[in-house]
2 protein chains.
Amino acid sequence: MGEELCNICNDKSTGKHYGAVSCDGCKGFFRRSIRKRYHYVCRFEKCCDVTKNKRNACRSCRLQKCVKAGMKANAIQNERDAIGKRKKAGDQTETEKEELIDQLVAAETLCQQLRSSVIKRTQQVSYDCGKVKWNYEDDRRATLDDIGKSIHQQLVLLVEWAKSLPQFTFLAISDQASLLKGTAASIIVLGVAFRSICLTVGDSICLANDTLLQKDHATHVGDINCVVGRIIDEVVNPMRRLNMDLIEYVALKAILFFNPVVRELQDVANIENSRFACLRSLQKRCAEKAVLALEDDGFDCRSGKLLLLLPSLQAIAQQLVEDVQLARLFGLVNVDALMSELILNDQKASDPQILQTSLSSPVESIKTELEE
Amino acid sequence: MGEELCNICNDKSTGKHYGAVSCDGCKGFFRRSIRKRYHYVCRFEKCCDVTKNKRNACRSCRLQKCVKAGMKANAIQNERDAIGKRKKAGDQTETEKEELIDQLVAAETLCQQLRSSVIKRTQQVSYDCGKVKWNYEDDRRATLDDIGKSIHQQLVLLVEWAKSLPQFTFLAISDQASLLKGTAASIIVLGVAFRSICLTVGDSICLANDTLLQKDHATHVGDINCVVGRIIDEVVNPMRRLNMDLIEYVALKAILFFNPVVRELQDVANIENSRFACLRSLQKRCAEKAVLALEDDGFDCRSGKLLLLLPSLQAIAQQLVEDVQLARLFGLVNVDALMSELILNDQKASDPQILQTSLSSPVESIKTELEE
DNA sequence: CAGATGTGGTCAAAGGTCTT
DNA sequence: TAAGACCTTTGACCACATCT
């Protein structure tokens with residue numbers, strides 16, 4: 001290949017462009033000039049030098065020389081579609097960080113703070129607030145009372161969590177109530193499972209008040225359906241194997257919550273949209289994670305694997321409800337109004353307005369509510 | 001040959017490509033788009049002109065028009081090696097995935113044939129075997145007896161279906177039994193729902209023996225939990241909106257079946273691998289479909305939407321089991337041994353060997369079995 | 001065996017991107 | 001803003017494999 005020179009400015013050429021052997025500079029200059037229909041006027045004698053160093057001194061003469069060298073204006077095509085951006089990998093992830101995920105993480109953080117502030121005040125054991133807080137094994141075992149209280153706490157926190165999401169507050173009150181009723185049990189189970197991932201003992205789950213409930217012990221306190229065992233086997237362990245992180249958790253929680261097929265919903269389309277937005281965020285996040293981990297042999301299906309936790313969750317939640325129903329039947333547990341309405345879907349709750357009240361009360365009142 | 005024009009952009013055509021009369025430009029564009037799984041987004045109103053001069057202005061609309069003109073993505077072959085013959089590792093996995101789907105479709109076809117041959121022989125109504133077999137409305141309504149019989153049929157067919165899958169037959173007999181017991185109810189519901197998609201009446205489902213069960217009528221024949229209504233609202237209608245196809249159905253069925261968290265499984269890893277293989281196939285298939293449908297702004301999450309049918313399925317199946325249990329309790333339905341073992345998970349079934357027998361009997365004996 | 005058809009691939013010369 | 005180094009996409013053209 002003989003390295004030719006640009007017929008316009010004598011710079012190194014990069015091939016033929018628009019009919020003339022030319023450099024990238026003259027190529028670009030000609031295209032811009034034609035596209036924008038520029039009319040240049042020479043300020044001198046219309047005989048300026050057009051060389052590598054001086055080519056930008058006079059546009060009129062440069063364009064003139066382009067034409068003389070053989071460039072044709074009709075070789076300039078129409079504008080094309082935008083092409084894929086080329087950026088560094090780091091930039092991409094930063095750009096694609098989504099508002100939705102940030103929002104969900106913020107909502108989760110809020111509830112975590114509420115929860116831990118309550119635990120600190122109601123529990124008598126001392127806490128190290130540092131990062132090494134993960135040896136739950138030292139904590140006390142859950143009693144029957146703990147189970148009831150932790151479910152109640154989770155429900156209160158669920159309502160607060162939902163209220164902090166604009167996608168939720170924009171809904172009609174009746175739809176808000178329906179969503180909460182239809183998904184509360186599943187979300188509680190999801191929360192318990194995720195919280196239990198970091199336990200070092202494999203036979204227990206960690207309740208909302210940081211008490212531990214052991215698989216074998218649970219059957220003695222009303223867990224007829226082996227809910228605890230199933231949570232560990234079907235949810236916690238798979239989560240561990242997947243090494244599920246907080247972002248995936250909040251996305252999954254929101255997907256579970258914005259369930260368009262719960263009963264008596266009015267604005268199904270809106271809820272479906274919220275669900276799909278979360279789904280998209282989860283998939284994007286998983287795709288990014290696969291690229292970073294380099295485990296990507298085409299498809300690693302991480303998002304699919306996460307979504308496949310949900311059927312188990314659904315089944316277990318249903319059995320949890322049964323457990324609670326039976327426990328109430330035998331007078332084992334004190335079922336309050338919120339629990340009755342959200343978990344048991346009991347229409348004839350003693351205080352049918354409790355949910356409405358929760359939905360409209362400010363966050364501040366919650367902290368005192370949680371303590372008893 | 002007549003000098004035809006490109007059906008996409010009106011340029012001179014160079015023959016048929018991928019199913020549409022088109023020019024070399026559109027041919028190359030379509031191949032590149034499908035190969036690289038490009039996701040284009042229209043920056044305007046999704047109605048851009050696609051003509052010789054403007055065809056490069058919007059790739060989204062151009063690809064859209066390629067599909068509308070009849071181009072088929074499955075006409076795009078695998079990438080060939082530049083020098084010659086050798087299949088790469090990537091091609092191998094691709095072939096494997098295709099094989100899996102083909103296998104699942106074959107298994108489904110087998111069961112469909114078994115089912116329809118039985119229906120023809122046991123039902124007294126005449127059948128047109130032609131393509132227009134979809135006016136189920138003319139068929140008879142399901143009686144209580146039909147419900148029991150259709151569940152039984154579905155269970156027998158489920159066992160046959162499973163036996164036709166090598167991933168299943170390679171398992172230990174105990175694991176085979178566990179999988180069947182753990183997933184039978186869900187798979188029945190999935191099958192009923194998919195079969196009901198093509199009904200033109202929106203308030204009924206289509207049982208395995210092609211009888212119709214109406215939502216309102218179901219509550220009179222033991223459907224205390226509104227299972228029929230929930231199937232329609234939570235599964236059939238979403239399936240319709242997604243326009244779910246047979247391949248997606250068989251993949252979802254297999255994913256549901258190879259459930260690594262059913263109780264008492266030994267070879268969890270193997271079953272998990274089977275599940276993930278199906279998941280990969282489903283995702284790949286959905287990605288291809290997304291490219292064609294172009295309803296897609298980056299990610300359309302089709303596979304995720306399909307997987308989100310499963311939690312509902314799980315919940316409904318659980319309620320179906322309750323319904324059957326109650327029906328048996330009130331003597332409404334005749335529960336045979338297979339039903340007792342697979343649906344009700346009744347260990348003390350009258351004939352505890354029925355499942356073992358089914359698992360080892362040849363296909364031929366099934367046809368007579370199904371008739372009564 | 002030759003021509004028509006329809007896959008696949010190639011690469012010059014269009015395009016666009018993005019830092020300077 | 002415009003310039004130009006650098007990257008992506010396009011499509012005319014060519015090599016095969018099948019089929020008639």
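Naming: A, B, ... by sequence-line order, numbering from 1 per chain.
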Below 4.0 Å: OP1/OP2 of C:dA12 and any side-chain N or O of A:Y18:
no
Taking the nucleotide of DNA chain D with the nearest heavy atom to each, does A:G28 or A:R80 sit closer to the 5' end?
A:G28
Quick one: CZ on A:F276 to CG on A:L279, what's the gap to the nearest 0.5 Å?
7.0 Å
Donor-acceptor pair present, B:K27 side chain and C:dG8 base, under 3.5 Å
yes
Under 3.5 Å, side-chain donor or acceptor atoms of residues 58-67 of chain A against the rest of the protein: list the pairs with distances, not counting sequence neighbours.
from: A:R62; atom 1: NH1; to: A:N56; atom 2: OD1; distance (Å): 3.2
from: A:K65; atom 1: NZ; to: A:I8; atom 2: O; distance (Å): 2.9

Establish, with yes or no, whether the OP1 or OP2 oxygen of D:dG11 is under 4.0 angstrom from a side-chain nitrogen or oxygen of B:N56.
yes
Looking only at the side chain of A:F29 (C-beta and beyond, no hydrogens), which of the listed nucleotides C:dG8, D:dA3, D:dT10 gets closest?
D:dA3
Mind calculating the distance between NZ (A:K16) and P (C:dC11) to the nearest angstrom?
19 Å
What integer distance in Å separates A:I34:CD1 from C:dG16:P?
15 Å
So CG of A:L165 and CZ of A:F170: to nearest 0.5 Å the spacing works out to 11.5 Å
Reckon A:R32 has a side-chain N or O less than 4.0 Å from the OP1 or OP2 of D:dA3?
yes
Taking 4.0 angstrom as the limit, do B:E160 and B:K163 come out as a salt bridge?
yes
Do side-chain atoms of B:S303 reach the backbone of B:L282 as a donor and acceptor pair under 3.5 angstrom?
no
Just how far, in rounded Å, is P of C:dT7 from CZ of B:F30?
10 Å
Quick check: does any side chain N or O of B:N53 sit under 3.5 Å from a backbone N or O of A:N78, one acting as donor and the other as acceptor?
no
Between the two end axes of the helix from C:dA2-D:dT20 to C:dT20-D:dA2, each built from 5 base pairs, what angle do you get to the nearest 10°?
10°
Can you tell me how far C1' of D:dT10 sits from CG of A:N78, to the nearest Å?
14 Å
Among residues 44-51 of chain A, which residues get a heavy atom nearer than 4.0 Å to DNA chain D?
none
Could you tell me whether B:K52 contacts a base, only the sugar-phosphate backbone, or nothing, with contacts defined as non-hydrogen atoms closer than 4.0 Å?
nothing
Is there a donor N/O on one and an acceptor N/O on the other, under 3.5 Å, for the side chain of B:R35 and the base of C:dG8?
no
Quick one: does any side-chain atom of A:T51 pair with a main-chain N or O of A:D49 as donor and acceptor, under 3.5 Å?
no
Rounded to whole Å, the CD1-C1' distance (A:I83 to D:dC6) equals 12 Å
Rounded off to whole Å, could you give me the NE2-to-P distance for the A:H17 and C:dA12 pair?
12 Å
Would you say B:R55's side chain and B:V50's backbone share a donor-acceptor pair under 3.5 angstrom?
no
Check whether any side-chain N or O of A:R59 sits under 4.0 Å from OP1 or OP2 of D:dA2, and answer yes or no.
no
Kindly say if B:R31 contacts the phosphate of C:dT10, meaning a side-chain N or O under 4.0 Å from OP1 or OP2.
no
A:D24 or B:D24, whichever maps to the more 5' nucleotide of DNA chain D:
A:D24
Separation of A:K12 atom NZ from D:dG4 atom P, in whole Å?
15 Å
If I take atom CG in residue B:N53 and atom P in nucleotide C:dA14, what distance separates them, rounded to the nearest angstrom?
16 Å
So, the side chain of B:R275 versus the backbone of B:I255: is there a donor-acceptor pair under 3.5 Å, distance only?
yes
Checking A:E248 side chain against A:D245 main chain: does a donor-acceptor pair fall under 3.5 Å?
yes
